[in-house]
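I have placed the structure first, in the form of structure tokens, so that the comments after it can refer back to it.
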Protein chains: 2
Amino acid sequence: MNYPVFAVTVDLVVLTVRGDELCVLLVRRGCEPHLGEWALPGGFVLADEDLAAAARRELAEETGLAGPGGHLEQLASYGAPERDPRGRVVTVAYLALLPDLPVPKAGTDAAEAEWRPVGERRLAFDHDRILADGVERARSKLEYTPLATAFCPPEFTIAALRQVYEAVWGETIDPRNFHRKATTAPGFVSPTGDSTGGGPGRPAKLFRRGSATLLNPPILRRGGV
Amino acid sequence: MNYPVFAVTVDLVVLTVRGDELCVLLVRRGCEPHLGEWALPGGFVLADEDLAAAARRELAEETGLAGPGGHLEQLASYGAPERDPRGRVVTVAYLALLPDLPVPKAGTDAAEAEWRPVGERRLAFDHDRILADGVERARSKLEYTPLATAFCPPEFTIAALRQVYEAVWGETIDPRNFHRKATTAPGFVSPTGDSTGGGPGRPAKLFRRGSATLLNPPILRRGGV
DNA sequence: CCAATAGTGTCTCTAAGACAATATAAG
DNA sequence: CTTATATTGTCTTAGAGACACTATTGG
């Protein structure tokens, strides 16, 4: 059988919440094509490597860690004929959600890596589109799944969880209604028994992620979309 | 730059509703590997072809038509190293929803093609998994989008639309509550003014698909998942 | 005391689900 | 008439959103 030859890459949309902003991990490209431009981290799938394994490997290389509290899922694939000047390249994009981490170190292919607010885009290849798709996926999944906890450290307050929603959705949420919904949705969060202290105001109870994989009832955005 | 070489295919999960069952279009493979086994229709992406274009082409080749009332969207990609004995093959799966069509004709690569109820699976490659993912995507999308109309002809009754939901979800739905929800969700369906006749019972009004891309309020499954 | 943040309770309204009742056809 | 299907209406209850109110800290 005769068929065309492709290269396959994985590209990562790595999102985190820093302060009140949803940020994406970008790298400045250290080689052609698009040398010097900002792009999503990624790289070629190895000869005997599964797609998900390639994504985990790239994530570990770029961020230094894969595990505690994060989330990784396949997003979509992009394969327009002219998307890479080197030839026919199909990329499988993955979406990663991580808690706020120290500034990432540069990987092998990248001159530098940085957290940038999503929206300030002008990325190499078709990465603007991939990023937009990843952000929309994250926004949507916060409604129906407990994935917001992937943005939080192992123990967190309800206010911190709410700030995740506010940053990802870009809208303010009533703290009182949110508190009720987050604590009554079965399996969303479970109390540790400890509390925070230090700042002004009443100390907040700490929670861990619960065991649910789906939020019921969901926590819905205002607009619906 | 040095990198591994892949072949890229598209595979199609083509679903329709026949009677009260959700059915998938399967082909019997006419060449190695897995010769004679049932599989999802699909084929190699051509040298200068976009992924979506390849999916549309395969759909047209297998079903004889792409357009009136159907829906095509990317599902996911699958690239385990051993999934195809010919070598490293990544497949991009697409999900198509079509109205009930006459029996499809065989394509070039396929000895025969048939509608089979989903669930009777034992397919070649990793197509069982791909089919399961496609069915789950369809089930989920019926809740939040007006995609059920993609299974219907251009003009349909509320009862026909309800039977789509019942077939895809495998559960019965109260006709009276469904009628209210379908007709009051803005942009889901719009009346043509005509009615059906012929059978016993009160004639049913005919509807076309509306302009909405999202259902609000959604039409939810009993179980939630 | 006051300011600030956490958490609870109450009200109204939308919509889901159960199901009675009515409408319009064929036989 | 009876049977069958379509369509409307009514009731109860869950949950969303608005927002008053209480709780617990630091200064």
Side-chain angles (χ1 to χ4, degrees), chain A residues 19-20 142-144 148 152 155-166 169 171-207 212 214-225, chain B residues 19-20 142-144 146 152 155-166 169 171-207 212 214-225:
Chain A
D20 59 353
L142 254 56
E143 297 191 302
Y144 302 103
C152 296
E155 302 200 350
F156 52 86
T157 64
I158 298 296
L161 189 62
R162 174 171 47 84
Q163 284 155 16
V164 166
Y165 275 89
E166 292 179 329
W169 287 347
E171 37 181 78
T172 60
I173 298 174
D174 184 289
R176 300 157 293 182
N177 290 333
F178 181 84
H179 191 283
R180 175 171 28 91
K181 291 200 272 191
T183 51
T184 58
F188 189 15
V189 297
S190 67
T192 68
D194 293 337
S195 297
T196 56
R202 173 173 173 176
K205 291 175 185 158
L206 286 169
F207 294 81
L214 233 59
L215 276 190
N216 198 289
I219 296 183
L220 298 172
R221 284 182 273 189
R222 278 249 164 57
V225 171
Chain B
D20 59 352
L142 254 54
E143 298 191 303
Y144 302 104
C152 296
E155 302 200 351
F156 51 87
T157 65
I158 298 296
L161 189 62
R162 174 170 48 84
Q163 284 155 15
V164 166
Y165 277 88
E166 293 180 328
W169 287 347
E171 38 181 77
T172 59
I173 299 173
D174 185 287
R176 300 159 293 183
N177 290 333
F178 180 84
H179 191 282
R180 174 172 28 91
K181 291 201 273 192
T183 51
T184 59
F188 189 14
V189 296
S190 66
T192 68
D194 294 336
S195 297
T196 56
R202 175 173 171 176
K205 290 174 187 160
L206 286 168
F207 293 82
L214 233 60
L215 275 190
N216 198 288
I219 296 183
L220 298 172
R221 282 182 274 188
R222 278 251 164 57
V225 170

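These numbers come from the heavy atoms of this one structure, side chains and all, not from hydrogens, waters or symmetry mates. We name chains A, B, ... by the order of the sequence lines, and we start the count at 1 in each one.
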> N216(B) CG to dA16(C) C1': how many Å, rounded?
Replying inline: 14 Å
>> Tell me the interatomic distance from Q163(B), atom CD, to dT5(D), atom C1', rounded to whole angstroms.
In response: 11 Å
>> Just the rounded figure in Å: distance from C1' of dA18(C) to NZ of K181(B).
In response: 12 Å
>> Can you measure K205(A) atom NZ to dG7(C) atom C1' for me and round it to whole angstrom units?
In response: 7 Å
>> Base contacts versus sugar-phosphate-only contacts with protein, heavy atoms under 4.0 Å: please encode nucleotides 18-27 of chain D as B, S and - from 5' to 3'.
In response: BBB--BBBS-
> Can you tell if the side chain of E143(B) reaches within under 4.5 Å of the side chain of W169(B), non-hydrogen atoms only?
Replying inline: yes
> dT8(C) phosphate, OP1 or OP2: any side-chain N/O from H179(A) under 4.0 angstrom?
Replying inline: yes
> Counting side-chain heavy atoms from CB outward, which of dA16(C), dT7(D), dG7(C) is closest to A204(B)?
Replying inline: dT7(D)
> Roughly how far, to the nearest 0.5 Å, is NE2 of H179(A) from OG1 of T184(A)?
Replying inline: 10.0 Å
> What's the CD1-P distance between I173(B) and dA6(D), to the nearest Å?
Replying inline: 14 Å
> To the nearest 0.5 Å, how far apart are OG1 in T192(A) and CD in E155(A)?
Replying inline: 4.5 Å
>> Donor-acceptor check, side chain of Y165(A) to backbone of A148(A), threshold 3.5 angstrom: yes or no?
In response: no
>> Please check this pair: side chain of E166(B) against backbone of I173(B), looking for a donor-acceptor N/O pair closer than 3.5 Å.
In response: yes
>> What is the separation between atom CZ on F178(B) and atom P on dT7(D), rounded to the nearest whole Å?
In response: 12 Å
> Roughly, in whole Å, what's the span from CG in L215(B) to P in dA15(C)?
Replying inline: 13 Å
>> Set out, in order, the CA-CA distance, both residues' side-chain angles and the distance that settles side chain to side chain contact (heavy atoms under 4.5 Å, CB included) for Y144(A) and L220(A), then state yes or no.
In response: CA-CA 8 Å; Y144(A) 302 103; L220(A) 298 172; 3.7 Å; yes
> Taking CD1 from I158(A) and C1' from dT8(C), how many angstroms apart are they, rounded to a whole number?
Replying inline: 14 Å
